[in-house]
Every structure is written in C-alpha cells, then in structure tokens.
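Just so you know, these numbers use all the heavy atoms, side chains as well, and skip hydrogens, waters and symmetry mates.
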Amino acid sequence: MPEPTQKTGSTFTEQQKTVQVAGGSRTEITTQTVKTGVQVKWQQDGKSEKTVSQTEHTKRTVIVDNKVTHQEEFSVVSGDAKGGLKQDVKLKESSVIPPPPGEAEETKPNDEVPEKQNAEETKPNDEVPEKENEQSKPNDVEPEKQNEQSKPNDVKPEKAKDEDESSSTSTPTPDDHSRSSDRKGSGWAHGEGQQHDADKRDDSQRSTLFIEKPNSGTVSVGGDIKFVAKMEAKDLLRKPVVKWLKGKWMDLASKAGKHLQLKDTFDRINKTYTFEMQIIKAKENYAGNYRCEVTYKDKFDSCSFDLEVIAAPDASQALDIRSAFKRSGEGQEDAGELDFSGLLKRREVKPEEGPEIDVWEILKSASPNEYEKIAFQYGITDLRGMLKRLKRMKREEKKSAAFSKKLDPAYQIDKGGRVRFVVELADPTVELKWYKNGQEIRPSAKYIFEHKGNQRILFINNCTLADDAAYQVCAGDEKCSTELFVREPPVLVTKELENISTYCGERVEMECEVSDEDANVKWFKNGIEITNEPRSRYRLKVDGKKHILIIDEADRGDSATYSVMTTGGQSAAQLQVDLRPLKILQPLTDMTVNLGKEINMKCEISENVPGRWYRNGQLVHGSDRVKIYHKGRNHRLIIPNCLVEDEGDYSFVPDLYLINIPANVHVIDPPKIHFDGLNYPDNTVVVVAGTKLRLEVPVTGEPAPKIIWSRGDKWITDLSGRIRAESYPDHGLLVIDSAEKDDTGTYRIMVKNEAGEAVAHIKIKVVDIPDAPLAPEVTEVGEDWCTMKWEPPLYDGGCPILGYFIERKKKQSSRWMRLNFELCKETNFEPKKMIEGVAYEVRVFAVNSIGTSKPSMPSKPFVPLAVTSAPTMLTVDGVTDTTVTMKWRPPDHIGAAGLDGYVIEYCFEGGGDEKQEKAEFTNQELDLLVDCVSKHGPHICGALSAKTTKGEKSKIWAEIQAKVNTKGGKNRSVADLKQKWNALKKQTKNKLSQVKKESNVENAVTPEPTKDLSSLEKRVEAMLQLEELEGTLDIKDDLEDDANGGPADTPKFADEELNILVDNIAKLGPQLFGAQTSRADKDKIWADIQKQLNAVGGKNRSIEEIKRAWNSLKKQTKKKIEHNKAQKLLESKGEKANLIKLLPIEKRVEVLLENKEIFSGDFHEEPDEAENWIIANPEPTDKTRLTITGLPTGSKIFVRVKALNAAGQSEPRLHPNAILVKEVIVPPKIRLPRHLKQTYIRKVGEAVNLVIPFQGKPRPKVSWKKNGSHVDKTQISIRNSECDTILFIRKAERSHSGKYDLKVKVENLQDKAAIYIQIVERPGPPESVVIEEVWGENVALEWKPPTDNGNAAITGYTVQKADKKTMEWFTVLEHYHRTSATISELVIGNEYYFRVFSENMCGLSETATRTPNAALIEKEGKPYKRPEYSDFDFTEAPQFTHPLVNTVAIAGYNATLNCSVRGNPKPKITWMKNKVVIMNDPRYRMFSNQSVCTLEIRKPSPYDGGTYTCKAVNDLGEAEVECKLEVKVAQ
C-alpha cells in the first residue's frame, strides 16, 4: 500500500518518496512548495550537507552524485519563524532499470491479443482498465519516477495517480507522434493505453476512407487543440458523412458551441475532404477517448484518438491510492461504481495511522476465501476492481517466438558517450532491422552493427542530444523497442553571490563564478529573468568563468533578491539600496495675496532630488498658468495671476523622502453676483406651475459673502416654508416648492462681505397648462364626417396656445380616440372616418409649451348621417299630350339612413307656362300660406333666421308648397308662393304707411273704414312687428334672396376677375375637369381660385358664382364660334357673311376649348327657372316611375328627381334636356328573336310559348294569322301588351304546324313578320319488309319507307333478327339510312325472322314491320365447323375524339360548345365552368347525341366568359377537354 498523504496544510505540494538510480551516476531530487520565499534546507542522513541545489519559483531541486552502492536517505526541511515541515526521500541503487510488469503482453503481436482484452481496452474512459490499477503499486511507480528524474531538461511535477488512472495515455504533438507511440511500451507509460493504441494503429492500416487520421493530443487547461481527419474524394460521388463521438455514444454534433467547433472543407485541387474538430478553452473533464466515424454508401471507417488535459501544477495533490478503490455514493443508486470525477478534485484526505502495508503482497499470498476479509480490514470497498487487477497481475507472460532476449525498456548515457543495444534471436537466420523514431538505421561510422551468434548488437558512438530518441528492432513480424536518454553534465556555481548594501546613485556590481566558461547562465531579480537588452538599466558582463551584473546608478527600486541559475546549480544574494539623510535649508512661508496678483513660493533642501507640490492634499501639475521650477537644490512654484481657487494649504514633498514642507496662501476678493452666466433672457426665470424651482445664483467673494433674498419690501428669512432661501459659499439658492401662479414677481438678491456688497434683481414667471376649452359645438354632419368648432380657453397658462388635440368616442363607449397627432392651429376641425348611423361625442384639449390641458366637456351626441347620392339614369319613359312619364334607377349610394322615397319636381321652360295664365290664389290658399309663414316665421325671417341654413329654409318652403298645392290643386311653385307673400307684405305696408300719414295731419279725422286692414293683412302685420322686435333682415329682402338664388344686386364679374379665372383654368383645367381628380382635390382647387378672385375684386364671390361665370363665358364663346363657322360656310358659297368679333377674353377661352376635357367639362347647372320648381308628388313615392299629369300640350318642362331619407334630400338628378309635352309617333318595329327566324320545332304534347317584342307609339295594334286565316283563339292563346305579344299553345298538336303571320300597326304605319311552327311526333313503321335472297350465312332484305313520317324527315332504320325457336329479338343494324340491307354471320341450320323500325328526330316508330316468311340457313357441302372466338372486349376508358374549340360569342345570341367522346360503358358527361360543375342552371342546356356532347349557353353576357371543361367518366377512367369562351358586346 502507498504511504498516507500529508495534511492539507503542508508546505510541500509535490513530494518524491523513493528514487532508484544506477551506481556511480548523478540524480536530481525535486520537491515543490506552496509559496515562494520559503527557506528550504537539505539534509543527508539527518545531517546538513553542502549540496548543489536549484530554485525555480516554488520548485526546489537538489543534485546528488551517487558514489555509494548502498541506500541513503535525504531530508528536505522548510521552515519559517513559527515552525517547519520535513520530507524524507530514499535513494536506492539500481544498475539497470527493470521492465515494468506486463511488458511481455505489450510486445505481443496484435493478432495474438485475446478478444476479451481488446474488448476491455476499447472501453470508454469512464471505465478503468484493470491494468491501470497496477500502477498504484509502489514498486511499479519507482521506476517511473527514476526515469522521469533522469531527464534534466524535462522536469515537471508528478501528476496525482488518480488523474493518471482516470485519463487516457498522454499523446504528444503530431511531430513527435512516432516517438511517443514507441515510448508507450516503455516503463514511463502509465496503465495499458499503449496496447489500445496499438490496436488503433492496426485498425488504421485496414482503413478504406481515411488518408489522414486525427492524432491523439495533449492540451493544458484553458488551451485550444484541433483534430484533423482527411478523406480522398477521387472515388466519392458526394461528401461522406462524418461523426465525431466521445466515448461510445456521445455525438459531439449536438455539443457544438462556445467550446467545440466542427468544420469541413473541400480542396478542389487535391480532391480531398478535410474535417476538423476544434476544442476551445479545454477543461479537465474534456479528457478521454474520442472517435471519428466516416460513412459513404456501404463503406464505413472509424478512428479513435485520445485527449489529455493537463491541469495546473499546483492543482494536483497526492492522494492515497487506496481511496481509488472506495466506492462513491454508498447507499445510493450508483453505489458500486468508481467515482473518477471525484478523484480529479482536490480534496482533503485524512492520513491513516499505522505503518505502511503493501496490500498487494498480502492478496497475492492469501487464499481467495480471505479476499473479502482483507478488503474490509484495510477499508477497500471496491473489491471487484481489486480482484480484477490482482487477476491481471498473476497473468503469465508469453514468451516471444522471434526474440529469446529483448532490449531493455530504457537506456541512459552521458553526452559524448557510447551506448550498446543487444538483442538475442531465437532464429539467427531471421532478417533484422533497426529503426530510430520510425526511420531505418543504416550502418555508418556512428552506427555500428555486430553479430555474435544469436546476438545482434548496435553501437552508437559519440552520443549527442539528437540521439535521445525511441529505437526499435524488427525481426520478421515481431518488434522490440526501447528508449535512449542522453544526459548533459550540469554546470555548477563555484563562487556564490554576496549580499550588498549601498546608497542611491552608486554603482553596483554583483559577481559569481561557474564551473564552465561557455556555460549558459541566467540572472533573476525576485524570480524574474533579467535580459541583456540595449536600453536596459542592467548590464550583464562575462569574463571567462566570471559572470557580473552591473547597475550604474542604483535606486531604491533596485533593492531585491538577485539570483543566478545554471543547469547544475544556483546562487542568490540580497541588494539593499537606501537614501541619504535630507535637511531643509530654506522652508516655505505663509502668504496673503490679492485676487489677480502673483504667488511666488520657494524652498531649498540639501539633496538634488525632484519633488512634488500639493494644494489641499491634491497634486499640483505645471501648466501655462502654474509654473513649477527645479534647479539644483532649489524648488519654486509661481502663479502670475492668482485666482480664488488658488487659496489653500500648499506643501512640497521631495521624492523618495517622507518629508513635508508646508505653507498657507490666503486670497482676498470683493463679492460679485454672476447672474449673466445663467443665460436667462431679461433676467427672467420661467418655472412650470406645480414644479419645484431651485434657482442657484453663483456668487464670488473672499471671504465668503453673506447672501440675503427679498421680494418687494419683505425679506425671505423662513428656512422651512414653501418659499425659502439658502446660502452657500459659492452661490445663493432660492427654493420655491410647488410653484403657484401668485409666485410670479421680481425678487432681489444682495451679497455682502467685508470687501463690499452687490445687488441684482430677478424676475420669476410661473407658467402652467391652459384651462380646458369650452365644450365644442358640432355645426354640420355628413356621411362619415362632421364639422365642429370651439372657443379658446379663458386662461392660456401664461404661454401662447400652440394648438389643439381633438378626441372622439362612441356614445356608448368609454374609450376616447385621438384624431390628430399634429396640433390643430384653428378653432374648428372636421373629424372623418366615422361610422354612419352611430352616435358620437367629441372633446378638445388645448396645448401650450408647458403641456396639454384637461379635456373639455364632451359635445352633444351627434349621429353622422348622409343623404343618399342622386338617383341615376333619369329618362323619359313616355310622353302624351298632357302627361310625361319619367323613370329612374335608385341612387348608387344610400347609406345608413336608408331610403324613404323620391320627390319629382318640374318647371316650365321660360319660367312657366307662357301659353296659359296662372290662376289667381284663392282665399283658402292665401289663408293657408299666411298660416304656414306665421308658424315658421322665426326660422324664415325671425330671431332664428340667421342660424337657419338655406337648405332648411328651402325645406320649409317645400312643405308650405305641398300643403298649398294639396289644398288648391294648382301646382304652385315655390317662387309663386314667395312672390305672393311679398305682394301681401307690400300691400300691408302700404296701408300701414297711409294710415300713419293721415294720423300725423293736423286736425286729422278718423280714417275711413275702407282703409282698415283685413283679417289676412292683420296677420301679415303681426309678422312685420315680429321682424321689427327681433331686429332681423327685412322679410322682403330675405325672400327675394331665396327666390332669386342670391342677392338681387349681385355685381357682375370685372375683366380682372375673368382674366384671373381664365388664367387658373388654363393652368389647372386638366385637373379641374379630369376624371382622375377626386372631388375633394377639385374643391381645394376651386377654393384657391376663389381666394385669388376675392383678393382682386373684393366681392366675396362664392364658388357657385364662379362656376356659373365660367359656364356663361364658355357658352357665350361657343355660340359665337358656331355662328362664325356657319357664316364662313355661307361665305364659301358666295353669300355675304356676318361674322362676330371675339373679345380678347373670349379668344383665350377659344384656345382653352381645344382641350377635350375642358370643352366637355360643363358643370351641371339648373335652368334659369330653378326656383320655379313644382312638386309633382306631394307625398314621396317609393317607386322608380312616375307620371306627371295636367301639363299643357306643346309646353316644355325640365324634370328632376330627389331621393329622401332621414338626413334630408339628396342632390337632384336633372334631366339634361327640356321635354316637349306632345306625344310623338314611333313607327312600329317587330324585334323578332333569332331562334324564331328559322323553323320553330316542338314535339306533340309540348307547350309552345312565343314572346315577340316590338316598339311603336302610340300603342300599336297587333293581329295574328295562320296560313292566311285568323287564328282560332279557342286553341291558341294570344296576349298583347305595349311592347310585346305572346302566342301560347298549352298542348301542341300536329295541326298547329304552319305559317303564322304577325302584323303590328300604328295609324298608317305597320310592320309584319312570319313565323314557321313545326309540331313533330314518332313516324309509322316501314312498309312491306321482304326477304329478297338467302345464300350461305347471308340474307338480303328490302323494305319501303313509312307512309307517316311523323311530320319530320326519316333519319334512319333499325333492323332486328329473331331465331324461330326462341323468338328473342336482337338488333343487327342501328341508324341505317338505306331501304335494303344484307344480314351476315347467321347460324347454319337456324330459321330467322326479321323486322324493321323507322326513326326520325323524335325517335323510333312505336311498331315494326316483320317479314312474313322466315329465312332458313341451309348447310352446303361439307359440314362447316364455326371457329370458336373469344368475345371481344369492347370496354374502353373515355377518350375525346374531337376536342373543344376556343369560341368567341356575341352577347345576347346563343352559343354552343361541341365535342365528341367515345367509351364503353357509356361515360357520364359533366360540364364545368372555371372548374365549377354546372348544375340546375336554366341558362345552360346540355345534351348528347351519337357521342356528340353539346353545351348551349342561352343569351350569354360577358360574365359568361371563361374556361369551360367537359369531363367524361366511366368505370375504366376519365378524360376531360377544355376551351375558352369569350363573349363580346355588339357595337
């Protein structure tokens, strides 16, 4: 058993217990301490000896020349002031290094390795091989230690044994791979990793894909390493699949990331694939066995390699090997398994008491029955692992077949010596080859080969460090390897360094002497190497065996421990550099200086050393303002223009001395207030209400001045109030907590000190957010918009109002939505995008530079509703001598308010019926007029008149008009009512003025009774008094404005205004009259034109006036142009022309009219008699057709229609032309349908329904005739209307066939049309079917056509046969056209009857004609044996024999699509339009005849265009064809 480990508090971290060395040779004993600077003393057999030692950081090495042949004991003692620790090392003699156990197994050929061993060696790293545990035996470890110590250039701390066992065998860099591979079989390898590597090498020889395999490697913790595998791509058609695995199963592709990167590249030149695995910042647990697998089709190859992660030297700790066989997790699920991760951790192991006991020897000699007892006694819990190792230790070595004696595991020789390798062969005839690092050795002066019997000897002369390598000898298939170590003699320090003590600035030389003149010597300062660089303050000098370190001018930084180190020893000494004593010859003096004057401070010391100046403990640096001088022993500090901050306690401190020379500087300054630097305009400070104001006013003065604040005559002295003042040395502070509006005012600050005083005035302005505006008012609503306005807030917060935010919400909702994200500058806004029919509320926020006010109160709820658009397609449906019938279509847009009905209005051209005088107003009409005006007086001419819109007034007058017309029935227009009201008002005023004049005459008498006002006039007088009391406009003027469409004295357009109008239309005409410009954009353009006109003319023209002016100007120009064209035409014929000269403005308009858009872009304006509209229907109608009655014959009227809903009346739709009230004769015209232009065919029993449209006015007279005679109306029904006639036969018969003549007559004009109707049915049977001849198997038949063809042509015949015995009929021929046929392939010996059916378009005849006699098929000559044939399979999948053809049809005319298909069984036909099946659609008719499929589309429209598909399906399959149909509208 191994020795117990030291305590965790040990000074030593690495210890060597026993070292074996050959007699007479030199060895090195190494130990390592926890920290540097520990004094270490070596003892031999308990006595202190003068030995050669080396020190490298924490590593301590002693070199021993072993001159004795017995065992010696060396001790190393480390100690400090408190105590020390001791470590013992035993030195034993060993002439030849014995091979470690298991050497015979390792040198066996790979093909002789047992399968069980190979299986154990390929285990993952977490399973410890049995062989590895043998390394924990002390006798096995000692040769390893000796061999490691025998290499002076490769001294490194021994790793903990549990680390060696838990990790794979270390693998050096790829350059030394061959060397390290051979060394794995030597005594320096731990465990059995070498056999595993040998197996892997043999596997690589069998590789089929790899051309370069990844090599095992070693990396330090935190280092990077890369593994590379290469495959040749010449024979590969695609990239092979590569997997990187750790252990058996862990796929590293899923672990790629920060610490693992996988990469693959392809070299197109060399045709090779390269796969790389890079491990970044390796950790200890990354160590283990890895595998690279490559797969290509049925080929597979793999390669294993090891990764060793080396921990930091001080991280390892010697552990008791017995602890490796103690199980972890006792009592848990993983109990019984070795915890190798725990072995890698540094942990405290308690030392075991008692002498060192070798458990291996006890187990070897003990009975197997006592193994469990021994394991329990010595605390070994992993008995199974111990037994496995014991079993392998007892395994007998097999002898080699080629070698009777092999090479020793290792050889050691001094540099320049001669080494001898000897092997003995079992068969001397076997050829032998020697290798060095895998390269064959050839005989030379350096390498000499000798043969002595069965011995083969290799001599290497004059060994150098290059000969330090791995050697191998091969005899046939067997190999034997060893290692040669070449040792260089160490260089000793013969004269030690001596301690030196000196002063700063002196020259220092440190000298030592070594044993060799050309020795490599390194100097160190406190363990850091000193290099001989050109600019270094250290110079290294070599004089033979003397080595000198020179420091020209030493300073205190050179005090350190200096050491010199050679390959065989080292020496160290202390250098102490001290300072000389310092004296103050002239100290600094205190100063008082005025602000802006010079400060000059000077001191003198005994040494010429630099120093530093400090002010108030802070280092003072030299600058343009602060001058620092040093000359010899004198030091000066000069500030030419001192500042207040230059005041303070100054001191001078010489470098390298702990001396402080102090002085005080005092600066005096009168007080000042620095308010200008605060950048407040006009000394005004603006503060937001509710916030805290901290006004800091900088002040200067020395000493610090006293600060006093005041407002008006009141001093601010309260230190805890809302407004308070605070004083500080460099500024005065005025604090106002939660500023209020009343805090606005002028504040005074005064500063005073012993040098004077200063005063300043500061204005403070408190600003706040504005008050909330008043509730907004919604003035107008539309379909999805409204117009709102509001008043500005009463208080703007002390800042101008920047704008307003508007929000809206649904009345039933609580969520407000902001409508503008840019401030609205005006006090009106137009919200849009609202839902029609939903109630909304709006509110407003005012915004100034401080913030946003509280919201205003919500407006009154409003509902966006829009009138409908104007009705469409207003046309004349009919005109008589006294009526006009109009029809129209509903509006395109109705909206949420719905549609309540229509109102039709008309007016006479020229203002009324000029041929017929209007009837006077009756008393009932006048009473009703005055009552209605009195009722609506406030809205028409009273207090509410100003707020009543023109549209609302028009609505009121329309209601008055409806009531008056209902009462009187005279179709009074609104203009008539207004004119009559004005006449009544004028009449009443005249009477009142007459009475007033008479009352003012002296001695006036009472007016006559005839002058008294009537009851009607008294009611009018009440309306005049209402006007005077409420101070509104004159009723007469108001009604005249309404009657005339505007003020009566509207001024005419001036030339300047017309010129501006024409200029704008010339510039913006395409946009104003173009169809692409939206209505909103057009309104904006007209608004801009309106502003320009009003700016020039100042007449406040409305947009409607401007439009009328343009229309008038354009019409006037057009008339003159047309007149001039007609006159020029007369002039060309030689007649006298009367040309009209165009005005300059009209010439400009003539140029504009060349643009088609401007020429045709007239505004729809109402006729001049627009206010004389008469309502044709007092009650709204919901129909789209109305007849206006009671019109005078010969007059012309304008007609318009309006739609009504809850939002009001829509824009009127005006008929563009005046309508003449006079019936117009339209010649009759029969519109015969296309399908009736050819014979109309129907079957007997079907219904006949013919609809034939016609035109003509007045209503035409219609008459029908059949074959020249009048139609019998008992059998045929005829119904006529104004526009068509219908002929209907409920159940057709053959007698209904014939020619039908239709005549349409209007007065003396008429139109005729002929229609041919054919009623068909099935034909009769053929006549006299006769057997003409019988020969062989054939029969010739003849027959005559039927006497009754069913009123249709015979299309064919069907022939059937029947055996006389069975009388079962079978069809022989179908659709046969001739009246004779030959029937073949009849059965000999049978008798046959034959019958024939006739066929027309209705089908086969109901009966058939049979042959009277039977035909006997007799036998002739030899008996005929009919060959047997298998039934022919007539079944086949559908196949189109004629496809569909792309077709172009005319809208309104039937179109047909045809194709032919074959298939058995008969396929089912399906028609589709745009891949949608056509079903139950009366517009389509589908039929099939003789495998011809037809789709008829009745009166197609452009909507019927598209892709049509015919699909045929039966049990054997399906087929489809398609075509495109295009429907064009007839021009």
Side-chain angles (χ1 to χ4, degrees), residues 867-880 883-893 902-914 954 973-975 1045 1065 1069 1072-1075 1077 1079 1082 1086 1103-1123 1149 1152-1153 1155-1177 1181 1183-1188 1191-1204 1209-1224 1226 1255 1257:
V867 297
T868 66
S869 60
T872 59
M873 300 177 65
L874 177 62
T875 58
V876 179
D877 192 37
V879 179
T880 66
T883 64
V884 173
T885 303
M886 306 296 295
K887 65 179 181 179
W888 60 91
R889 300 284 296 169
D892 293 334
H893 176 70
Y902 302 94
V903 174
I904 293 81
E905 298 177 341
Y906 67 93
C907 68
F908 292 97
E909 187 179 26
D913 184 8
E914 298 176 354
S954 299
S973 66
V974 174
I1065 291 179
L1072 279 172
F1073 303 101
T1077 309
R1079 182 176 179 182
K1082 291 181 180 180
W1086 279 113
I1103 294 177
E1104 295 300 327
E1105 293 179 30
I1106 298 173
K1107 291 180 179 180
R1108 289 196 205 101
W1110 166 250
N1111 276 350
S1112 176
L1113 183 60
K1114 188 169 68 171
K1115 288 179 181 179
Q1116 177 181 339
T1117 305
K1118 282 183 178 180
K1119 289 180 181 179
K1120 289 185 179 182
I1121 293 173
E1122 292 174 358
H1123 174 78
V1149 174
L1152 294 179
L1153 293 179
N1155 188 319
K1156 293 183 178 180
E1157 292 180 343
I1158 299 177
F1159 183 85
S1160 59
D1162 288 335
F1163 299 106
H1164 295 290
E1165 59 174 311
E1166 297 179 344
D1168 298 335
E1169 303 79 15
E1171 291 299 331
N1172 297 325
W1173 290 104
I1174 301 172
I1175 299 177
N1177 56 327
T1181 179
K1183 298 180 180 179
T1184 57
R1185 187 172 181 272
L1186 184 73
T1187 300
I1188 305 174
L1191 299 176
T1193 303
S1195 62
K1196 291 184 178 181
I1197 62 171
F1198 291 98
V1199 181
R1200 67 181 183 183
V1201 60
K1202 300 179 183 177
L1204 297 178
Q1209 295 182 354
S1210 69
E1211 292 290 330
R1213 175 64 64 185
L1214 176 68
H1215 191 273
N1217 301 317
I1219 303 170
L1220 177 64
V1221 185
K1222 184 178 181 180
E1223 192 167 12
V1224 179
V1226 178
Q1255 68 182 21
K1257 289 186 179 181

- Item | Heavy-atom pair with the smallest gap, counting every atom of V867 and Q1209 | CG1-O, 3.5 Å
- Message: Taking side chain to side chain contact (heavy atoms under 4.5 Å, CB included) as the definition, give me every residue that meets it alongside T1181, ordered by chain and number, with sequence neighbours left out.
- Response: Y902, I904, N1177, K1183
- Taking all non-hydrogen atoms of both residues into account, name the closest pair between L1113 and T1117 and its distance. O-OG1, 2.8 Å
- Message: List the residues meeting salt bridge (charged side-chain N to carboxylate O under 4.0 Å, His left out) with R889, not counting sequence neighbours, and say none if there are none.
- Response: none
- Item | Residue list, salt bridge (charged side-chain N to carboxylate O under 4.0 Å, His left out) with K887, at least two apart or on another chain | D877
- Rounded to the nearest 0.5 Å, the CD atom of E1105 sits from the NZ atom of K1107 at a distance of 12.5 Å
- T1184 meets the side-chain hydrogen bond (donor to acceptor under 3.5 Å, both in side chains) criterion, sequence neighbours left out, with none
- With sequence neighbours excluded, what pairs up with T1187 under the side-chain hydrogen bond (donor to acceptor under 3.5 Å, both in side chains) test? T885
- Message: I'd like to check the side chain to side chain contact (heavy atoms under 4.5 Å, CB included) partners of N1217; sequence neighbours left out, ordered by chain and number.
- Response: H1215
- Note on the structure: In this structure, CD1 of I1197 is separated from CG of L1220 (nearest 0.5 Å) by 9.5 Å
- dist T875:OG1 -> R1185:CZ (nearest 0.5 Å) comes out at 10.0 Å
- Query: Heavy atoms, side chains only, cut-off 4.5 Å: are E905 and K1202 in contact?
  - Reply: yes
- Taking every heavy atom of A1218 against every heavy atom of K1196, the minimum-distance pair comes out as CB-CB, 4.1 Å
- Those residues that, when tested against H1123, pass side-chain hydrogen bond (donor to acceptor under 3.5 Å, both in side chains) (two or more places apart): none
- Under the side chain to side chain contact (heavy atoms under 4.5 Å, CB included) test, residues paired with V879 that sit two or more places apart: V876, V884, I1219
- Atom CG in L1191, atom CD1 in I1174: separation rounded to 0.5 Å? 9.0 Å
- Query: Which pair of non-hydrogen atoms, one from P871 and one from S1210, has the smallest distance, and what is that distance?
  - Reply: CD-OG, 3.9 Å
- Message: For a quick test of reading the model, state the closest non-hydrogen atom pair linking T883 to V1221 and the distance between them.
- Response: N-CG1, 4.3 Å
- Nearest heavy atoms of A1203 and S869, plus distance in Å: CB-O, 4.4 Å
- Message: For a 4.5 angstrom cut-off between non-hydrogen side-chain atoms, does I1106 reach W1086?
- Response: yes
- Is there side-chain contact between W888 and L1186, with heavy atoms separated by less than 4.5 Å? yes
- Query: side chain to side chain contact (heavy atoms under 4.5 Å, CB included) with K1257: which residues, sequence neighbours excluded?
  - Reply: V1226
- Hits for side-chain hydrogen bond (donor to acceptor under 3.5 Å, both in side chains) against Q1116, two or more places apart or cross-chain, chain-then-number order -> E1146
- Query: Which distance, rounded to the nearest 0.5 Å, do you find between the SG of C907 and the CH2 of W1173?
  - Reply: 4.0 Å
